[in-house]
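Below you'll find the structure, written out as structure tokens, and then a few comments.
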Amino acid sequence: MPVPTTVKSKKPPGAGLKVAKPASKKKDEEEGVDQGDGWDEWAQGKALIKPPDQLELTEEELKEEFTKILTANNPHAPQNIARYSFKERSYKPISSVDQMAVHFVLEGNLIHVDSEEARRQRARQDQTDGKHWDWTFKLFPEKPAAEAEAEPDEEIPENPVIEETSEIVKEERPDSVEAQIGKKEQKVTNQFNFSERASQTLNNPLRERSCQTEPPPRCNFSATANQWVIYDAYLEELEKQEKNKDKQKTFSAKKEEDKLKKNKMSDDVTKVVKVVKIFERMVNQNTFDDIAQDFKYFEDASDEFREQEGTLLPLWKFQYDKAKRLSVTALCWNKSYQDLFAVGMGSYDFSKQGHGMLLLYTLKNSTCPEFVYPTSSGIMCLHIHDRLSHLVAVGFYDGCVAVFDLKAEEGGAAQPAFKSTAKAGKHTDPVWQVRWQNDDMDNNHNFYSISSDGRVVSWTLIKNELVFSDVIKLSLEGALPECLEVVEQPTCGTSFDFHPKIDFLFLVGTEEGKIHKCSKAYSSQFLETYQAHNMAVDAVKWNQFHPKVFLSCSSDWTVKIWDHTIRTPMFTFDLNSAVGDVAWSPYSSTVFAAVTTDGKVHVFDLSINKYEAICQQPVVAKKKTKLTHIEFNPIHPIIVVGDDRGYVTCFKLSPNLRKKPKEKKGQEVPKGPEVEEAKMEKLLSLLRDKHKT
């Protein structure tokens with residue numbers, strides 16, 4: 001609020017002062033200047049003008065202090081800037097914002113007269129010119145002594161300073177005619193920032209060099225080329241090559257000796273490592289001796305009283321500390337070493353993608369994996385070669401596929417032996433499944449992969465690279481009428497499986513819930529399309545015994561059994577939760593198992609019960625834990641189950657879950673794949689008859 005204040009009158013500066021110079025006084029009188037003008041106005045007090053809307057405040061209110069804090073923050077600076085953090089793989093707000101606002105910037109080339117650079121400039125100019133140009137204005141120039149003595153009695157005027165300065169100005173003006181006639185014009189340089197530089201580069205002197213070579217010696221040669229001459233020439237060349245080989249062998253032998261000497265210590269360490277590994281297995285087997293005894297000998301006697309129901313006995317639990325935050329995305333048993341299985345670690349959550357890990361466990365040691373291969377991207381699927389058990393094909397979330405060689409040396413074991421690149425036709429979306437196939441005509445190993453980009457690709461291992469070829473491209477059909485031009489829209493492939501007996505036949509599950517029956521020979525069309533599920537098909541599996549039957553599961557809570565010659569499912573089971581994976585048993589054509597996201601394992605035997613599971617058992621400690629994959633051991637009556645917390649648990653099937661027909665006295669029970677195929681065919685024939693009726 002404006003506070004009324006009193007204004008005191010003040011005399012103007014210079015008012016009432018007497019001038020001691022008579023010359024200037026006379027001049028003022030001649031010009032008629034009145035010095036007393038305006039004195040009355042200053043002498044009178046100024047009246048206060050109070051605005052009509054001014055508030056009347058008390059003394060306490062007037063004495064009250066209001067503090068205002070001034071900050072250097074710019075009110076117009078943005079406060080919600082977010083930038084991408086490559087370290088955390090997400091957008092993060094920026095805490096520190098630049099608050100400085102620049103209103104005007106002008107770069108100049110002036111320097112101060114008293115600065116060091118100006119002094120150096122004057123010194124350089126004195127050296128060049130021999131004189132220093134004085135820019136100071138001299139009001140009192142020095143006179144010669146003779147003139148000063150000759151005029152001692154001269155009257156001093158009343159105002160000598162003004163008269164002398166006027167004469168000096170007349171004499172010293174550089175633009176006057178006298179100064180121009182008497183003096184030559186001197187070039188005045190800029191005293192603030194002036195530099196005159198001139199330079200010229202030196203031209204390199206030209207040199208000429210000439211030389212002349214001696215002509216090579218010449219000789220005339222003539223001969224007749226007979227067979228024995230050619231033969232002798234070949235023999236001489238072979239002898240030279242053998243000598244070179246001998247030299248290389250001796251040289252390589254020396255190198256190997258040097259390597260052996262250097263690797264003696266490493267060999268000793270490897271021997272110790274093998275011994276330590278054996279000791280570790282012995283200690284673990286002694287520690288978990290009760291589990292090993294259950295695995296080998298325990299049979300649940302209570303199954304005799306349950307009739308058609310069975311149970312799962314928990315055995316080992318596999319866990320790796322460095323893979324705790326990763327989910328189990330793939331499981332596969334080794335066909336050559338039945339106690340060894342591979343685990344793929346990654347994440348199904350696209351917002352939590354990061355590194356992955358390939359682990360290989362053995363039942364002989366549950367505390368630590370046998371092999372550990374860290375990867376830069378999450379692993380989505382894997383498959384171990386049936387015959388060459390050291391080759392593991394892996395599919396990644398970033399679209400790459402790779403092959404790990406377990407026999408590789410320790411130095412290169414961390415990296416895959418083969419890996420696809422963007423130039424080599426890698427997928428543009430996550431790879432959901434890989435499968436090894438029989439070798440091609442040139443005995444090259446090959447495997448297939450399927451991805452969300454709609455491509456089914458064949459990969460061939462040739463020398464040190466992966467060669468790809470597209471087998472089929474999935475697309476939506478029938479979306480538009482035939483009269484319109486249809487633009488092919490790719491569909492996402494989620495799973496596939498190859499027929500165990502018909503080499504060219506395979507099934508493909510899609511994200512739309514359809515299952516396509518395809519052939520390697522036809523890349524432009526499907527052999528059959530099944531309207532299978534309402535959501536994405538998580539897995540399709542051919543039956544290992546019956547050539548017409550396959551199994552499918554989906555996130556729509558259902559598991560369905562199909563005959564590929566019929567478009568409708570033969571069996572449908574609702575498990576009341578999203579199904580993560582299914583697997584056929586290796587010992588029976590009618591037994592299969594499924595895992596759901598509510599943490600339960602469901603085991604079915606169609607020969608015992610065609611309507612519901614004979615075993616439905618929760619196998620997780622925490623309710624929110626989701627089961628992701630399940631696999632049967634090829635020989636032992638056990639299964640391994642993986643969850644989204646990185647744990648792999650091993651269970652033993654009770655006798656009711658692997659029941660076989662009882663032997664009659666004097667009769668042998670028929671065994672073999674033909675019996676299993678007939679058992680499944682009997683069930684299917686009953687359903688086919690119902691469909692016909």
Side-chain angles (χ1 to χ4, degrees), residues 300 303 306-313 331 495 497 507 509 515 532-533 537-546 548-564 566 568-619 627-634 636-642 649 651-661 673 675-687 690:
D300 194 353
D303 275 15
R306 292 197 186 95
E307 294 182 358
Q308 296 182 352
E309 294 182 359
T311 57
L312 297 173
L313 176 67
L331 289 172
S495 59
D497 193 25
L507 297 169
I515 297 176
H533 297 276
V537 180
D538 292 328
V540 288
K541 300 286 180 67
W542 284 102
N543 192 299
Q544 299 298 316
F545 299 98
H546 200 286
K548 293 183 179 180
V549 179
F550 67 90
L551 184 68
S552 67
C553 70
S554 171
S555 301
D556 63 357
W557 300 10
T558 60
V559 174
K560 296 183 180 182
I561 297 176
W562 303 76
D563 183 346
H564 78 85
I566 302 173
T568 57
M570 309 302 288
F571 296 95
T572 301
F573 303 97
D574 192 342
L575 304 185
N576 297 323
S577 185
V579 185
D581 193 14
V582 291
W584 288 104
S585 71
Y587 55 84
S588 176
S589 62
T590 57
V591 177
F592 66 91
V595 291
T596 55
T597 56
D598 59 354
K600 293 181 180 180
V601 176
H602 306 259
V603 183
F604 293 82
D605 191 346
L606 301 179
S607 63
I608 297 175
N609 193 334
K610 296 188 289 292
Y611 304 103
E612 59 184 8
I614 61 175
C615 176
Q616 185 175 340
Q617 183 174 329
V619 297
L627 299 181
T628 56
H629 284 277
I630 184 172
E631 280 292 329
F632 281 87
N633 188 279
H636 304 295
I638 59 174
I639 58 172
V640 286
V641 177
T649 313
F651 298 93
K652 185 177 182 180
L653 303 172
S654 66
N656 280 354
L657 301 180
R658 44 192 168 90
K659 187 180 290 185
K660 294 182 180 179
V675 178
E676 297 297 332
E677 183 178 349
K679 188 166 61 172
M680 177 61 80
E681 183 63 30
K682 185 178 179 180
L683 290 171
L684 296 178
S685 61
L686 294 174
L687 294 172
K690 287 182 181 180

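Heavy-atom basis, side chains included; hydrogens, waters and symmetry copies ignored. On a predicted model such as this, the values are computed, not experimentally measured, just so you know.
A pairwise comparison of heavy atoms in Asp538 and Ser495 identifies O-CB, 3.8 Å as the closest pair. When every heavy atom of Cys615 is checked against every heavy atom of Thr311, the shortest pair comes out as SG-CA, 4.1 Å. Between Asn543 and Phe545, the closest heavy-atom pair is OD1-N, 2.8 Å. Across His546 and Glu677, no two heavy atoms sit closer than the pair CD2-O, 3.6 Å. When all heavy atoms are compared, the tightest approach of Leu653 to Leu657 is CD2-CD1, 3.8 Å. When every heavy atom of Leu331 is checked against every heavy atom of Val640, the shortest pair comes out as CD1-O, 3.8 Å.
Residue Leu627 is tested with Val641, Thr597, Thr649, Asp581 for a side chain to side chain contact (heavy atoms under 4.5 Å, CB included); the sole match is Val641. Considering Trp584, Trp542, Phe632, Tyr587 as possible partners of Phe592, the one that fulfils the ring pair (Phe, Tyr, Trp, His ring centres under 6.0 Å) test is Trp584. Paired with Cys553 under the rule side chain to side chain contact (heavy atoms under 4.5 Å, CB included), one option of Thr596, Val559, Val595 passes, and it is Val559.
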Before you tell me yes or no, could you show the steps for Leu313 and Asp300 under side chain to side chain contact (heavy atoms under 4.5 Å, CB included), namely the whole-Å CA-CA distance, both residues' side-chain angles and the distance that decides it to 0.1 Å? CA-CA 9 Å; Leu313 176 67; Asp300 194 353; over 6 Å; no
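Here the CD1 atom belonging to Ile614 is positioned 4.5 Å from the CD1 atom belonging to Ile608, to the nearest 0.5 angstrom. Distance OG/Ser585 to CG/Asn633: 12.0 Å, rounded to 0.5 Å. From Thr558, atom OG1 reaches atom CZ of Phe573 across 11.0 Å, with rounding to the nearest 0.5 Å. Put simply, CD on Glu612 and NE2 on His602 are 12.0 Å apart, with the number rounded to the nearest 0.5 Å. Here the straight-line distance linking atom CG of Asn609 with atom CZ of Phe604 works out to 9.0 Å at 0.5 Å rounding. In this structure, Leu683 CG and Leu606 CG are separated by 6.0 Å, a value rounded to the nearest 0.5 Å.
Side-chain atoms of Lys679 and Ser607, non-hydrogen and from C-beta on, do get closer than 4.5 Å to each other. Residues Asn576 and Asp574 meet the side-chain proximity criterion, which asks for heavy atoms closer than 4.5 Å.
Gln617 places a side-chain N or O within donor-acceptor distance of the main-chain N or O of Leu312, the cut-off being under 3.5 Å. Although no hydrogens or angles enter the test, the distance criterion places no donor-acceptor pair under 3.5 Å between the side chain of Ser555 and the main chain of Ala578. With Ser554 contributing its side chain and His533 its backbone, the two residues share no donor-acceptor pair below 3.5 Å. At distances below 3.5 Å, not a single donor-acceptor pair connects side-chain atoms of Asp497 with backbone N or O atoms of Leu507. Although no hydrogens or angles enter the test, the distance criterion places no donor-acceptor pair under 3.5 Å between the side chain of Asp563 and the main chain of Met570.
In Lys541, the NZ atom is crowded: over 12 heavy atoms of neighbouring residues, nucleotides or ligands sit closer than 6.0 Å.
Judged as a side-chain hydrogen bond (donor to acceptor under 3.5 Å, both in side chains), and not counting sequence neighbours, the contacts of His564 are Lys517.
Between Trp562 and Phe550, the ring-plane angle classifies as parallel under the 30° and 60° cut-offs.
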